[in-house]
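Letters A, B, ... mirror the listed sequences (proteins, then strands); counts begin at 1.
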Number of protein chains: 4
Amino acid sequence: MQIEIPTSPWKPAAERQRDRDAKRDAVLRTAARLFVENGFHRTKMADVAEHLHITKPALYHYFRNKEDILYACYMLGSEMIESLLAEVELNNSTGLDRAVAFLKAYTLNMTTDFGMCLVTVDDRDLATDSRRKVRTWKRSIDSRLRSCIAEGISDGSVRPVDPRIAAFLLAGSVNWVGQWFRESGPSSAEDIADAMADMARQALTARG
Amino acid sequence: MQIEIPTSPWKPAAERQRDRDAKRDAVLRTAARLFVENGFHRTKMADVAEHLHITKPALYHYFRNKEDILYACYMLGSEMIESLLAEVELNNSTGLDRAVAFLKAYTLNMTTDFGMCLVTVDDRDLATDSRRKVRTWKRSIDSRLRSCIAEGISDGSVRPVDPRIAAFLLAGSVNWVGQWFRESGPSSAEDIADAMADMARQALTARG
Amino acid sequence: MQIEIPTSPWKPAAERQRDRDAKRDAVLRTAARLFVENGFHRTKMADVAEHLHITKPALYHYFRNKEDILYACYMLGSEMIESLLAEVELNNSTGLDRAVAFLKAYTLNMTTDFGMCLVTVDDRDLATDSRRKVRTWKRSIDSRLRSCIAEGISDGSVRPVDPRIAAFLLAGSVNWVGQWFRESGPSSAEDIADAMADMARQALTARG
Amino acid sequence: MQIEIPTSPWKPAAERQRDRDAKRDAVLRTAARLFVENGFHRTKMADVAEHLHITKPALYHYFRNKEDILYACYMLGSEMIESLLAEVELNNSTGLDRAVAFLKAYTLNMTTDFGMCLVTVDDRDLATDSRRKVRTWKRSIDSRLRSCIAEGISDGSVRPVDPRIAAFLLAGSVNWVGQWFRESGPSSAEDIADAMADMARQALTARG
DNA sequence: CATGAATGAGCCTTCATTCAT
DNA sequence: GATGAATGAAGGCTCATTCAT
């Protein structure tokens with residue numbers, strides 16, 4: 001005779017934690033989308049809650065306050081980019097290739113909600129502490145692109161340009177993508193990333 | 001007998017109007033600066049008033065409401081650009097030259113408070129009516145740059161690219177300038193505009 | 001044949017009840033301490049739960065609501081005093097002696113958490129019903145002290161004073177003890193109670 | 001012919017300021033009363049506003065926040081007492097007289113709303129900064145009473161007691177007055193202050 | 001015109017309490 | 001019984017805007 005094992009009414013702790021994380025994640029995705037769509041200030045906690053079919057206070061189970069949500073969005077966006085950059089910096093030999101690959105990867109990111117969050121919403125909405133962290137990270141991103149360009153100039157792959165200005169201008173193209181890209185638009189994220197890579201290469205390549 | 005004309009305590013209408021315009025202008029300049037510096041939502045009417053050493057209600061003598069100020073900032077910025085573009089479109093023969101000149105002029109503009117206002121502050125803060133006007137204008141700017149590029153492809157001065165994406169990417173570089181340019185920084189507005197022109201030319205030039 | 005009695009996983013009802021009472025008691029002691037330490041409003045149910053290493057809803061197994069806890073604290077405090085007073089009223093002959101003994105006993109009580117609860121936390125935090133009970137009891141305490149004084153005046157042990165005011169003033173000294181007494185302070189509860197008794201006697205004694 | 005001087009529509013600045021101060025004062029008096037009557041936490045800003053026939057935000061013209069009002073109440077209460085104490089400390093020769101006069105003056109104060117505020121409402125409702133000031137002041141009051149007693153012991157007017165405990169106990173009688181005194185009650189403020197003085201003198205007097 | 005004062009509308013956040021598991 | 005999650009109700013505060021003088 002086989003013993004019937006009843007399905008326990010208790011979700012295992014692991015699953016419970018997974019639930020919680022999934023919910024937290026849902027809050028984050030919803031919030032990111034609304035922040036990008038409507039702006040941080042115009043997005044009320046009530047909006048976020050409503051979109052998730054929960055009540056306002058429930059949000060506070062997952063985040064301390066509105067700013068905390070924003071900060072988490074930033075963090076997710078930056079982590080996504082970080083991991084791309086690590087790969088880019090390893091797999092490319094010349095400064096030019098690194099810069100181009102960097103910008104392409106960055107562009108792809110900028111077509112996601114969390115990527116857009118990085119530039120669409122204003123880091124001045126963060127408190128001093130998190131703001132400092134975000135700014136430090138942003139500066140580091142910038143300086144890495146600048147380094148690629150500078151190294152490209154050294155190794156002869158990049159024509160002589162002011163690395164600081166060039167990095168800002170190229171990053172500007174990418175950052176701005178978040179302002180106009182729409183999933184439903186005529187160009188795919190890949191198309192745009194390719195175009196960006198192409199343009200950056202044209203703009204930077206050293207010519208005989 | 002000569003009639004004696006007493007010096008009236010009332011300034012002549014013309015002068016009065018000039019005064020009023022000057023004050024209105026001061027409000028606008030102050031507001032634009034604060035909007036750019038701190039963001040629209042974080043800038044309170046009280047801040048604007050305080051910076052001008054007047055009281056809050058006084059602002060309402062010159063503008064109907066906060067949004068009205070924002071709209072006026074947009075308008076000023078767009079008019080400045082309009083006039084530049086008109087010149088640009090006349091004085092350049094190839095599509096490439098027009099596009100490059102366009103971007104250079106635009107970049108210079110983007111280092112002024114009103115220019116920055118165009119991109120720094122969010123047009124979703126405007127009511128439906130003015131928002132529509134602003135968006136229409138923005139689209140027109142965009143389509144004009146796109147036209148230059150398309151014409152450049154036709155006349156052989158620009159290499160084959162997707163004009164829509166290219167225009168967005170290049171405009172992005174320029175628009176982003178407002179985010180990092182500081183009067184006190186290491187590069188002058190001219191330097192940046194030149195670098196932008198140089199980069200755009202490299203990125204677009206058709207090569208035998 | 002002997003029936004084997006398996007050790008049940010269920011504790012016997014008596015022991016269970018004892019457990020429950022012990023836990024209820026622990027809640028009360030913790031709450032009383034926190035109420036005194038931080039005040040009723042600043043003490044959150046979450047705080048109480050956390051201090052007991054249990055969860056918030058668990059508290060509701062022992063008490064209907066927060067107010068119920070407060071009421072129980074009051075009750076415990078008042079019962080402790082009641083029993084002291086009964087003894088005091090029996091074992092002293094003159095009104096003066098009774099009043100002094102009363103105040104001394106009361107003072108000792110005021111150095112315990114439950115005693116302090118009686119005066120530190122606000123009975124307006126109770127609902128009409130319990131509030132009435134508490135107030136009635138407080139008034140009874142007061143009137144008993146007043147009676148001792150009045151009787152003392154009659155029996156010649158107490159000098160002529162307004163019993164109402166005198167009772168209030170003396171009770172005030174005692175009640176206030178909860179505001180400044182600290183276990184770790186320089187004076188022991190006994191010292192303070194003695195000083196209180198001494199002072200009351202000096203203040204009330206009829207002199208030739 | 002007499003020149004008719006029209007009554008100016010402009011209130012003179014001085015009167016304007018007086019108006020403001022009067023209103024600020026009204027807020028304070030109303031708030032103090034409600035704080036004493038209902039407790040700080042149970043008093044909503046809306047309550048205060050309603051009692052003054054104004055709206056909630058109007059309160060914020062006179063005070064930064066609720067706590068600020070509480071702090072102002074404390075300050076007013078403490079200033080009233082300060083001025084009394086200064087007089088008391090000058091006009092009495094023996095330590096005993098000073099202590100008694102001190103307690104009498106203090107008692108009178110404790111029958112006013114601002115005086116009651118000092119002890120009725122909880123200084124833990126203040127932020128760290130103002131709380132520190134309030135506590136410092138309270139300690140100073142206490143130490144001054146203690147000094148009177150100690151000096152009284154030295155000059156032979158006060159019998160040997162522990163000055164710390166005695167000061168606390170006597171201050172307790174006074175502080176507690178705020179808890180039971182009612183304007184409409186059977187005893188006047190003067191009666192109570194006299195009774196307090198009488199009792200303190202009896203309690204402290206050194207007897208041959 | 002200018003000003004001090006006031007207001008209405010709204011938003012973030014807290015917390016005691018309850019529910020589903 | 002106990003737990004994590006959720007909720008309803010409410011309160012403090014802000015700020016653009018308007019009024020009375």
Side-chain angles (χ1 to χ4, degrees), chain A residues 7-11 13 15-17 19-20 23-24 41-49 52-69, chain B residues 16 19-20 23 41-49 54-69, chain C residues 10-11 16 19-20 23 41-49 54-69, chain D residues 7-11 13 15-17 19-20 23-24 41-49 52-69:
Chain A
T7 60
S8 160
W10 301 105
K11 291 191 180 180
E15 182 175 347
R16 200 83 81 71
Q17 183 59 40
D19 266 25
R20 184 183 173 80
K23 285 177 184 172
R24 199 189 126 102
H41 281 104
R42 271 175 305 275
T43 303
K44 324 284 177 220
M45 290 300 263
D47 295 338
V48 180
L52 290 162
H53 306 297
I54 58 175
T55 57
K56 246 187 306 174
L59 293 172
Y60 291 83
H61 273 273
Y62 304 99
F63 297 94
R64 279 207 314 278
N65 52 36
K66 197 182 173 188
E67 185 203 314
D68 204 24
I69 301 184
Chain B
R16 196 105 64 80
D19 267 26
R20 185 184 170 79
K23 284 177 184 171
H41 280 104
R42 273 175 302 278
T43 302
K44 299 161 206 159
M45 292 298 264
D47 294 338
V48 180
I54 61 175
T55 58
K56 251 188 301 176
L59 293 173
Y60 289 83
H61 280 279
Y62 305 102
F63 298 94
R64 279 210 314 279
N65 51 37
K66 195 183 175 187
E67 184 204 315
D68 203 25
I69 301 183
Chain C
W10 303 104
K11 296 186 179 178
R16 195 104 66 80
D19 267 25
R20 182 181 171 80
K23 285 178 185 171
H41 281 104
R42 272 176 303 275
T43 303
K44 299 162 207 160
M45 292 298 265
D47 295 338
V48 180
I54 61 174
T55 57
K56 251 186 302 176
L59 292 173
Y60 289 84
H61 279 279
Y62 305 101
F63 298 94
R64 278 209 317 278
N65 50 36
K66 195 183 175 187
E67 184 203 315
D68 203 25
I69 301 183
Chain D
T7 59
S8 161
W10 301 104
K11 290 191 181 181
E15 183 176 345
R16 199 86 79 70
Q17 183 59 38
D19 265 26
R20 183 182 174 81
K23 285 178 185 171
R24 198 189 128 101
H41 281 104
R42 271 175 304 276
T43 303
K44 325 285 177 217
M45 290 300 263
D47 295 338
V48 181
L52 290 162
H53 306 298
I54 58 175
T55 57
K56 243 190 305 175
L59 293 172
Y60 291 84
H61 271 274
Y62 303 99
F63 298 93
R64 279 208 313 279
N65 51 37
K66 196 182 174 188
E67 184 203 314
D68 203 26
I69 300 183

Note to self: Nearest to the side chain of A/Arg20, heavy atoms from C-beta on, is which of F/dC13, E/dC12, F/dA5?
What the structure shows: F/dA5
Note to self: Stem finding on DNA chain F, please: runs of three or more consecutive Watson-Crick or G-U wobble pairs, both distances under 3.5 Å, sorted by first number.
What the structure shows: E:2-21 with F:2-21
Notebook entry, point to check: Does C/Glu67 or D/Pro57 map to a spot on DNA chain E nearer the 5' end, using the closest nucleotide for each?
Noted result: D/Pro57
Check: Between atom NZ in A/Lys44 and atom P in E/dT13, what is the gap in whole Å?
Finding: 13 Å
Margin query: Can you check the distance between F/dT21 and E/dC1, where both ends of the measurement are the C1' atom (answer in whole Å)?
Written below: 13 Å
Notebook entry, point to check: Once you round it to whole Å, what is the distance between P of E/dC11 and CZ of A/Arg42?
Noted result: 13 Å
Margin query: To the closest 0.5 Å, what do you measure between CZ (C/Arg42) and NE2 (D/His41)?
Written below: 5.0 Å
Next item on the list: Would you mind telling me which of F/dT14, E/dC12, F/dA16 lies closest to the side-chain atoms of B/Met45?
Entry: F/dA16
Next item on the list: For D/Asp47 and F/dA10, give me the distance from atom CG to atom C1', rounded to whole Å.
Entry: 12 Å
Notebook entry, point to check: To the nearest 0.5 Å, what is the distance between CG (D/Leu52) and CG (D/Asp47)?
Noted result: 11.0 Å
Note to self: Distance check needed: E/dT3 C1' versus D/Asp19 CG, whole Å only.
What the structure shows: 14 Å
Notebook entry, point to check: What is the distance from CD1 of A/Ile69 to C1' of E/dT13, rounded to the nearest Å?
Noted result: 12 Å
Note to self: Using the salt bridge (Lys or Arg N to Asp or Glu O under 4.0 Å) criterion, which residues pair with D/Arg24? Sequence neighbours excluded.
What the structure shows: none
Next item on the list: Please tell me which of C/Lys23 and A/Ile54 maps to the more 5' nucleotide of DNA chain F, matching each residue to the nucleotide holding its nearest heavy atom.
Entry: C/Lys23
Note to self: Counting distance alone, no hydrogens or angles: does the base of E/dT7 have a donor or acceptor under 3.5 Å from a partner atom on the side chain of D/Lys56?
What the structure shows: no
Next item on the list: Residues of residues 58-66 of chain D with any non-hydrogen atom less than 4.0 angstrom from an atom of DNA chain F: list those, numerically ordered, please.
Entry: D/Tyr60, D/Asn65, D/Lys66
Notebook entry, point to check: Rounded to whole angstrom units, what separation is found between the NE2 atom of C/His41 and the C1' atom of E/dC15?
Noted result: 11 Å
Checklist line | C/Tyr62 backbone acceptor or donor facing C/Lys23 side chain under 3.5 Å | finding: no
Note to self: For D/Ile69 versus D/Met45, what's the shortest heavy-atom pair and its separation?
What the structure shows: CD1-CE, 4.0 Å
Checklist line | Minimum heavy-atom distance D/Thr55-D/Ala49, with the two atoms named | finding: C-CB, 3.7 Å
Check: Do side-chain atoms of A/Lys56 reach the backbone of A/Lys44 as a donor and acceptor pair under 3.5 angstrom?
Finding: no
